[in-house]
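Right, one structure below, let's go through it.
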Amino acid sequence: MTVVASHESELEVELTVDAVRAAFRAWLTDNAATMDEFRSITGELDEVFAKLCTLQRLLFNAGWLRLGWPARVSGLGGTILLRGVIVEELAAAGYPPPFSFTAMEVLAPAVVDHATPELSAEMIPRLLRGDDFWCQGFSEPGAGSDLGAISTRAVDDGDNWRVTGQKLWTSWASYSNRCLLIVRTGAQDSAHRGLTALFVDMDTPGLTVRPYVSMTGDAEFAELFFDDAIVPKSRTLGVVDGGWNVAMSILGYERGAAAWQRQAWMMARLNDLLRAGKPSARSVGETYEMIHALRLSSRRTMRVLGGGAPAGPAASIDKLMLSTAEQSLFDLALATVPDVLFADDAETQNWRRDILYSRAASIYGGAAEVQRNIIAQRLLNLPRAR
Ligand SMILES: Cc1cc2nc3c(=O)[nH]c(=O)nc-3n(C[C@H](O)[C@H](O)[C@H](O)COP(=O)(O)OP(=O)(O)OC[C@H]3O[C@@H](n4cnc5c(N)ncnc54)[C@H](O)[C@@H]3O)c2cc1C
């Protein structure tokens with residue numbers, strides 16, 4: 001029996017899916033009074049994030065958010081499957097995911113895979129504890145689906161990189177203090193071979209963050225302008241000109257592990273919907289099937305990742321199923337929740353935000369058409385379209 005124990009956390013649990021599930025369920029029951037304030041979090045974004053951050057710290061200090069990470073980054077050991085259990089149980093018990101959950105499943109595993117041991121030991125604990133928030137600086141005005149077209153440039157300047165260019169659609173950049181940035185270090189025509197990944201502090205001189213509001217009404221996005229911003233070379237992730245591998249590993253986690261989080265949350269939202277209105281039984285059944293199919297497909301991907309292998313092109317199936325299920329769920333909410341377009345109470349506003357955000361599910365992390373191309377070409381070996 002593998003048992004973890006730590007002097008910092010009281011947590012002692014066998015590192016298996018079943019044991020962690022049972023222990024976390026028991027902890028949630030025992031701590032229901034403390035956790036109650038996190039059940040429904042509303043208000044201005046600043047307040048919401050502050051509260052989610054408190055939740056994250058609580059879970060970290062109790063040891064739960066350290067499961068599934070190696071000891072060298074303050075983890076308690078075990079695989080990604082243990083993280084999947086925590087997120088699923090949290091959602092099933094009616095709690096929101098802590099703020100950094102997406103960065104934790106999308107960016108952090110790639111940092112563990114590619115950063116120097118010193119850099120990951122410094123950065124990952126700060127993220128898990130909720131001290132840091134990270135954003136993802138990939139997309140540019142001329143490079144979205146085609147990441148090989150990135151033109152933000154990093155020029156060699158001794159011990160530093162000197163970065164110039166523009167990013168956009170950077171989610172939650174105004175709330176983040178670090179950015180995982182993909183830049184061009186090779187020649188302009190080096191395509192995917194000339195990219196490098198950097199870990200950049202958001203208060204770097206020469207970096208300007210210009211937020212903008214999405215259709216949900218939140219200032220979720222920002223444009224990032226780099227004007228001779230100096231980034232130490234010690235913040236390079238992986239090898240110079242090897243940024244494509246880092247980006248692909250991040251997209252693999254985004255399409256794979258993040259889909260697992262999303263299905264857990266969607267299942268909880270489907271249950272909420274049954275309380276909020278009277279959806280037709282047939283539509284509920286169809287949506288449930290889609291979410292459950294996503295769960296099974298994502299479970300397979302989680303097991304691949306848990307075995308230490310990359311998610312591979314099969315994660316595109318998860319991403320496609322995610323967007324289909326999410327849009328079906330919130331189309332159903334649109335048809336079901338009373339006065340969903342105009343009512344101003346917090347619960348209806350939440351439904352409205354989720355309905356609008358679901359439109360983005362077939363865009364972020366690689367648009368649905370791009371996922372279909374990957375499935376067609378790399379899994380089904382179909383010829384490329386001319
Ligand atoms: C909610 C949300 C959050 C986001 N967060 C971030 C973030 O944090 N960081 C970040 O870097 N980016 C982020 N993005 C940007 C996102 O990654 C891009 O929008 C996405 O990759 C598509 O790129 P694009 O918008 O440039 O569209 P384009 O690449 O211009 O695509 C336009 C259309 O053409 C289609 N298309 C493109 N190429 C092909 C092809 N080869 N075959 C068939 N069809 C094709 C696309 O499917 C799409 O329908 C976010 C986007 C959204 C909606």
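In what follows, every heavy atom counts, from backbone to side chain, and hydrogens, waters and symmetry copies are set aside. Along the sequence shown, residues carry numbers from 1.
There is a side-chain donor-acceptor pair under 3.5 Å between E223 and Q166. R295 and S298 form no side-chain donor-acceptor contact under 3.5 Å, judged by distance and modelled atom types alone. No hydrogens or angles considered: a donor-acceptor pair under 3.5 Å links the side chains of T236 and W161. With no hydrogens or angles considered, no side-chain donor-acceptor pair links Y364 and E254 at under 3.5 Å. Using modelled atom types, one finds a donor on one side chain and an acceptor on the other under 3.5 Å when comparing Y253 with D113. With 3.5 Å as the limit, one finds a donor-acceptor pair spanning the side chains of T196 and T185. Looking only at atom types and distance, the side chain of S358 has no donor-acceptor partner in the side chain of Q327 under 3.5 Å away.
With a 4.5 Å cut-off between side-chain heavy atoms of Ile, Leu, Val, Met, Phe, Trp and Tyr, the cluster of M290 takes in none.
For S323 (side chain) and L320 (main-chain N/O), a donor-acceptor pair under 3.5 Å exists by modelled atom type. For R66 (side chain) and S74 (main-chain N/O), a donor-acceptor pair under 3.5 Å exists by modelled atom type. No donor-acceptor distance shorter than 3.5 angstrom exists from the side chain of S283 to the backbone of P279, with no hydrogens or angles considered. Side-chain atoms of S297 do not come within 3.5 Å of backbone N or O of A293 as any donor-acceptor pair. At least one donor-acceptor pair under 3.5 Å links the side chain of N31 to the backbone N or O of W27. Between the side chain of R39 and the backbone N or O of A93, at least one donor-acceptor pair lies under 3.5 Å. Counting only distance, with no hydrogens or angles, the side chain of R184 and the backbone of I150 share a donor-acceptor pair below 3.5 Å. Under the 3.5 Å distance criterion, the side-chain polar atoms of T204 are left unmatched by any main-chain donor or acceptor of L207. Judged purely by atom type and a 3.5 angstrom limit, T16 uses its side chain to pair as donor or acceptor with the backbone of A19. Not a single donor-acceptor pair under 3.5 Å links the side chain of R21 to the backbone N or O of E88.
Screening T208, V231, L181 against F226 for a side-chain contact (heavy atoms from CB on, under 4.5 Å) leaves a single residue, L181. Across F49, W134, F133, F221, a single residue satisfies ring pair (Phe, Tyr, Trp, His ring centres under 6.0 Å) together with W172, and that is F49.
Counted within 6.0 Å of CG on D345, heavy atoms from surrounding residues, nucleotides or ligands total more than 12; the atom is thus considered enclosed. Crowding of E37 atom CD: a count of heavy atoms from other residues, nucleotides or ligands under 6.0 Å exceeding 12. Heavy atoms of other residues, nucleotides or ligands lying less than 6.0 angstrom from CZ of R210 number 12 at most. When the shell of 6.0 Å around CD of E44 is examined, it contains 12 or fewer heavy atoms from other residues, nucleotides or ligands. The environment of W244 atom CH2 is dense: over 12 non-hydrogen atoms of other residues, nucleotides or ligands sit within 6.0 angstrom.
Within the model, atoms CD1 of I355 and CG of D331 stand 8.5 Å from one another, a figure rounded to the nearest 0.5 Å. One distance of note links CG of D157 with CD1 of I230; it measures 5.5 Å at 0.5 Å rounding. Rounded to the nearest 0.5 Å, atoms CG (D132) and CE (M202) are 12.0 Å apart. Going from atom CG of L273 over to atom CG of L270 covers 6.5 Å, rounded to the nearest 0.5 Å. Rounding to the nearest 0.5 Å places CE of M267 at 6.5 Å from NE2 of H292. Atom CG of L81 sits about 8.5 Å away from atom CG of L305, to the nearest 0.5 Å.
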Go through the steps to decide whether F330 and W265 satisfy the test ring-ring contact (aromatic ring centres under 6.0 Å, His included), and finish with yes or no.
-> CA-CA 13 Å; F330 291 108; W265 172 76; 5.6 Å; yes
Give the intermediate values and the outcome of salt bridge (charged side-chain N to carboxylate O under 4.0 Å, His left out) for residues D318 and R299.
-> CA-CA 10 Å; D318 302 354; R299 182 172 177 270; over 6 Å; no
Show your reasoning for whether salt bridge (charged side-chain N to carboxylate O under 4.0 Å, His left out) applies to D344 and R352.
-> CA-CA 10 Å; D344 253 348; R352 200 151 59 229; 3.7 Å; yes
Between M35 and L58, does a side-chain contact (heavy atoms from CB on, under 4.5 Å) hold up when you go through it step by step?
-> CA-CA 9 Å; M35 291 287 285; L58 182 75; 3.5 Å; yes
Mind running salt bridge (charged side-chain N to carboxylate O under 4.0 Å, His left out) on K233 and D156 for me, showing each step along the way?
-> CA-CA 9 Å; K233 282 196 177 153; D156 192 328; 2.6 Å; yes
Carefully, step by step, assess E140 and T152 under the rule side-chain hydrogen bond (donor to acceptor under 3.5 Å, both in side chains).
-> CA-CA 8 Å; E140 297 184 358; T152 294; 2.7 Å; yes
Might you work through the side-chain contact (heavy atoms from CB on, under 4.5 Å) test for L198 and V183, ending with a clear yes or no?
-> CA-CA 8 Å; L198 305 178; V183 293; 3.8 Å; yes
Quick one: do R255 and I374 satisfy side-chain contact (heavy atoms from CB on, under 4.5 Å)? Show the steps, please.
-> CA-CA 12 Å; R255 292 164 189 169; I374 294 171; 3.6 Å; yes
Could you please spell out the steps behind the side-chain contact (heavy atoms from CB on, under 4.5 Å) verdict for E286 and S328?
-> CA-CA 9 Å; E286 283 171 359; S328 164; 5.8 Å; no
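Proximity of V20 to I86: side-chain heavy atoms (C-beta onward) are separated by under 4.5 Å at one or more points. Q263 is not listed as a side-chain neighbour of M321, based on a closest heavy-atom distance of 4.5 Å or more. With a 4.5 Å cut-off on side-chain heavy atoms, S139 and K167 do not count as touching. Residues F138 and L147 have side chains in contact (heavy-atom distance under 4.5 Å, counting atoms from C-beta outward). Inter-residue side-chain proximity for W69 and V112 is flagged as met; some heavy-atom pair is nearer than 4.5 Å. In this structure the side chain of E105 never reaches within 4.5 angstrom of the side chain of V87, judged on heavy atoms. Side chains of L52 and P96 form a contact here, defined as non-hydrogen atoms less than 4.5 Å apart. Within the 4.5 Å cutoff, the side chain of F342 has no heavy atoms near those of the T348 side chain.
The salt bridge (Lys or Arg N to Asp or Glu O under 4.0 Å) pairs that include a residue from residues 189-201 are R178-D201, D201-R235, where partners are two or more places apart or lie in different chains.
Take Y288 and apply the side chain to side chain donor-acceptor pair (under 3.5 Å) test, not counting sequence neighbours, and it matches no residue.
Ionic pairing of R153 and D228 is not present here: no N-O contact between side-chain nitrogen and carboxylate oxygen is shorter than 4.0 angstrom. Ionic pairing of E122 and R126 is not present here: no N-O contact between side-chain nitrogen and carboxylate oxygen is shorter than 4.0 angstrom.
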